[in-house]
Participant: 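My structure is below; once you've seen it, I'll send some questions.
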Amino acid sequence: MDTIYLVVPCYNEQEVLPETVSRLTSKLAQLTEAGKISEKSRILFVDDGSKDTTWELICRFNEEYPNVCGLKLSKNQGHQNALIAGLDAARPLCDAAISLDCDLQDDVEAIDRFIDAYLEGNDVVYGVRCSRKSDTFFKRTTAQGFYKLMKILGVDIVYNHADYRLMSRRALEALGKFSEVNLFLRGMVPLVGFKSTTVEYERNERFAGESKYPLKKMLYFAFDGITSFSVKPIRMILSVGILIMVVAVAFLIYALVAKITGNTAAGWATLFGSIWFLGGLQLFAIGIVGEYIGKIYKETKHRPRYFVDKLLLK
Ligand code: UDP
Ligand code: MG
C-alpha cells in the first residue's frame, strides 16, 4: 500500500492549526481504514518562521498524534519555499505527497479523489477550484485575469489551480532537479510532465486567522510568475518600440510637409509630449529588462532556498 504525506506550510497559523490537525488526522485515519493508504502515511507541517506559537503547537501535536510530523525553517522564507522544503523532506519517505494550505480553504474531502486519481496511475493531480464564491470580487477578478494573462503570455499553467496538488514520488524527484530560486511552483509542475489529471473542489473561506498574502505580496507573486516563465514582455517592448519609431517617422514627414508649405506651428506641445513619452517608454523598457537581469543575478548565486532548523519525524 502507498504511503502518502500531506505537506502543509504554516505561517502564524495558531488560530487554525488545532482544527486543521483534527480534520487531517481523521481524514488519514479514514483513508487508512478504507485500505487506500498505508499506516506509514503522515502529515508534515512546515513552520515557515512563524512569530506566534505555531511551532510549539506542532511540537505538541507531534507528541500527541502518531502521524503528525513537523519541520521548522530557520526563518520566514515565503509560502513557495516552505512548500518545497516540505516536499523535499517528504520525498524520500513517501510514495506521493499532497500539498495543501493550513487554513482549510482547500477542501479536505477532495483528498479521497486525489488518491483515487493517483491510484489510477496519475503522477500529478491538480486541484482546481470549481467556484470562487468565497473570494472577494476583487480577488476573484484579479486572480482570473492573471490566469488568462499567463495563457496569453504562453505559460503552461492549469486554470484556477493554486498549490493544492498531489505529486507522485517520481514527479517530486523530477521537481527536485529544478534548481531555480524564483519559485513559482504552479508553473514548474506542468514542466515536469508525466500523466496528470485535475480534481475539482470547492474553495472554502479561511477557517480562522487572516490571509498571509496581502495585496502587495500577491502582486509580487503574480509579477514573479510572469517574469520567471515568459520572455514575451521583452518582445512586447520591442514591438512597442518599433511601433513608436514608425509613428515618429510619420510625424517627421508631417512636420517636413508643414514646413515646406509654410504652415509651421509653434510645435512646442508635440515636442514636449513626445520627449516625455519616449523618456517614459525607455524607462519602462529598462525596467523590464532590469527585472530579467535581477532574476539572472539571483539565479547565478545559487543561494540555498531555505535552511531546516528542526525536523520531527515519526
Ligand atoms: N504561508 C507560508 N509562508 C508565508 C505566507 C503564507 O507558509 O510567508 C502559508 C500560510 O500559512 C497558508 C498558505 O501559505 O497555509 C497560504 O497562505 P494564505 O492562506 O494566507 O493565502 P491566501 O489563501 O489568502 O491567498
Ligand atoms: Mg488561504
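Note that ligands are numbered from 1 as they come in the structure, with each ligand's atoms numbered from 1 the same way. Atoms considered below: every heavy atom in the structure, side chains included; atoms not considered: hydrogens, waters and symmetry mates.
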Participant: Using a plain distance cutoff, I'd like to know if Ala82 has any nitrogen or oxygen under 3.5 Å from a nitrogen or oxygen of ligand 1.
Facilitator: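 No, there is no polar N/O contact under 3.5 Å.
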Participant: Among all protein non-hydrogen atoms, which one is nearest to atom 21 (O) of ligand 1, and what is the separation to 0.1 Å?
Facilitator: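 Protein heavy atom with the smallest distance to atom 21 (O) of ligand 1: Tyr213 CD1, 3.3 Å.
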Participant: Taking NZ, NE, NH1 and NH2 as the nitrogens, is one of them in Asp123 or Arg169 under 4.0 Å from a carboxylate oxygen of the other?
Facilitator: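 Salt bridge absent between Asp123 and Arg169.
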Participant: Measure the acute angle between the ring planes of Phe184 and Phe221, then classify it against the limits of 30° and 60° as parallel, tilted or perpendicular.
Facilitator: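 The arrangement is tilted - the two ring planes meet at 30° to 60°.
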Participant: What is the nearest protein non-hydrogen atom to atom 19 (O) of ligand 1, stated with its residue, atom name and distance?
Facilitator: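 Protein heavy atom with the smallest distance to atom 19 (O) of ligand 1: Asp103 OD2, 2.6 Å.
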Participant: Could you tell me whether some N/O pair between Glu210 and ligand 1 is separated by less than 3.5 angstrom?
Facilitator: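 Not met; the criterion fails.
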Participant: For Tyr126, is there any backbone N or O sitting under 3.5 Å from a side-chain donor or acceptor partner on His161?
Facilitator: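 Answer holds: no.
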Participant: Please work out whether any backbone atom (N, CA, C, O) or any side-chain heavy atom from C-beta onward of Cys102 is under 4.0 Å from ligand 1, and answer side chain, backbone, both or neither.
Facilitator: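 Under 4.0 Å from ligand 1, Cys102 contributes backbone and side-chain atoms.
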Participant: Under 4.0 Å from any heavy atom of Glu13, which atoms of ligand 1 are there?
Facilitator: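 Contacts of ligand 1 toward Glu13, numbered from 1: 10 (C), 11 (O), 12 (C), 15 (O).
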Participant: For the residue pair Asp2 / Tyr118, report whether a side-chain donor-acceptor contact shorter than 3.5 Å exists.
Facilitator: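 Judged by distance alone, the side chains do pair up.
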Participant: What residue and heavy atom of the protein are closest to atom 24 (O) of ligand 1, and at what distance?
Facilitator: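 Result for atom 24 (O) of ligand 1: Ser211 OG, 2.5 Å.
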Participant: Going by atom types only, do Gln80 and Asp224 share a side-chain donor-acceptor pair under 3.5 Å?
Facilitator: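 Asp224 and Gln80 do not have a side-chain donor-acceptor pair below 3.5 Å.
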Participant: Quick check on Glu39: does its CD atom have over 12 non-hydrogen neighbours (other residues, nucleotides or ligands) under 6.0 Å away?
Facilitator: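 Check fails, neighbour count at 12 or below.
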Participant: Any link between Ile37 and Leu166 through a network of hydrophobic side chains (Ile, Leu, Val, Met, Phe, Trp, Tyr) touching at under 4.5 Å?
Facilitator: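 In one cluster with Ile37: Leu166, yes.
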Participant: Report, in ascending order of atom number, the atoms of ligand 1 lying under 4.0 Å from any heavy atom of Lys217.
Facilitator: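 Matching atoms, with element in brackets: 5 (C), 8 (O).
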Participant: Looking at Asp88 and Arg91, does any basic side-chain N land under 4.0 Å from a carboxylate oxygen?
Facilitator: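 The answer is yes: the pair qualifies as a salt bridge.
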Participant: Record the part of Asn76 in heavy-atom contact with ligand 1 below 4.0 Å; permitted values are side chain, backbone, both and neither.
Facilitator: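 Side chain only.
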Participant: Which atoms of ligand 1 sit under 4.0 Å from any heavy atom of Arg203?
Facilitator: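 Once the distances to Arg203 are compared, the set is 23 (O).
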Participant: Which residue owns the protein heavy atom closest to atom 5 (C) of ligand 1, what's the atom, and how far is it?
Facilitator: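 That would be Lys212 CB, 3.7 Å.
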Participant: Just let me know how Met218 lines up against ligand 1, side chain, backbone, both or neither, with a heavy-atom cut-off below 4.0 Å.
Facilitator: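 For Met218, there is no contact with ligand 1 at all, from either part.
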Participant: Any idea which part of His79 is under 4.0 Å from ligand 1, heavy-atom wise: side chain, backbone, both or neither?
Facilitator: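 Both the backbone and the side chain of His79 come within reach of ligand 1.
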Participant: In the protein, which heavy atom is nearest to atom 3 (N) of ligand 1, and how far is it?
Facilitator: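 So the nearest neighbour among protein heavy atoms is Asp48 OD2, 2.6 Å.
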Participant: Treating Asn76 as the side-chain partner and Asp48 as the backbone partner, does any N or O pair qualify as donor plus acceptor under 3.5 Å?
Facilitator: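 Checked: pair present.
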Participant: With the threshold set at 4.0 Å, does a side-chain nitrogen-carboxylate oxygen contact exist between Arg60 and Glu56?
Facilitator: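 Looking at Arg60 and Glu56, the cut-off is not met.
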Participant: Output all residues satisfying side-chain hydrogen bond (donor to acceptor under 3.5 Å, both in side chains) with Arg140, sequence neighbours left out; order by chain, then residue number.
Facilitator: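 Arg140 satisfies side-chain hydrogen bond (donor to acceptor under 3.5 Å, both in side chains) with no other residue.
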Participant: Under 6.0 Å from the six-membered ring centre of Phe114 and within 45° of its axis: does the NZ or CZ of Arg165 meet both?
Facilitator: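 Judged by the rule, Arg165 and Phe114 form no cation-pi pair.
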Participant: Counting non-hydrogen protein atoms only, what is the nearest one to atom 1 (N) of ligand 1? Give residue, atom name and distance.
Facilitator: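 So the nearest neighbour among protein heavy atoms is Tyr11 CB, 3.7 Å.
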Participant: Taking heavy atoms and a distance under 4.0 Å, where does Asp101 meet ligand 1: side chain, backbone, both or neither?
Facilitator: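 Asp101 to ligand 1: contacts from backbone and side chain alike.
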Participant: Please determine, by modelled atom types, if Tyr164 and Asp101 share a side-chain donor-acceptor pair under 3.5 angstrom.
Facilitator: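 No - no donor-acceptor pair under 3.5 Å links their side chains.
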Participant: List the closest protein heavy-atom neighbour of atom 25 (O) of ligand 1: residue, atom name, distance to the nearest 0.1 Å.
Facilitator: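 Ranking protein heavy atoms by distance from atom 25 (O) of ligand 1, first comes Lys139 NZ, 3.0 Å.
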Participant: Under 4.0 Å between a side-chain nitrogen and a carboxylate oxygen: does that hold for Arg129 and Glu202?
Facilitator: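 No, Arg129 and Glu202 are not salt-bridged.
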Participant: For Gln14, does its backbone N or O pair with a side-chain atom of Asp52 as donor and acceptor, under 3.5 Å?
Facilitator: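 Checked: pair present.
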Participant: Could you identify the single nearest non-hydrogen protein atom to atom 9 (C) of ligand 1 and state the distance to 0.1 Å?
Facilitator: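 In this structure, atom 9 (C) of ligand 1 has Pro9 O, 3.8 Å as its nearest protein heavy atom.
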Participant: Hey, which protein N/O/S atoms does the Mg ion (ligand 2) have under 2.8 Å?
Facilitator: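 Per the 2.8 Å query on the Mg ion (ligand 2), atoms found are Asp103 OD2, Gln105 OE1.
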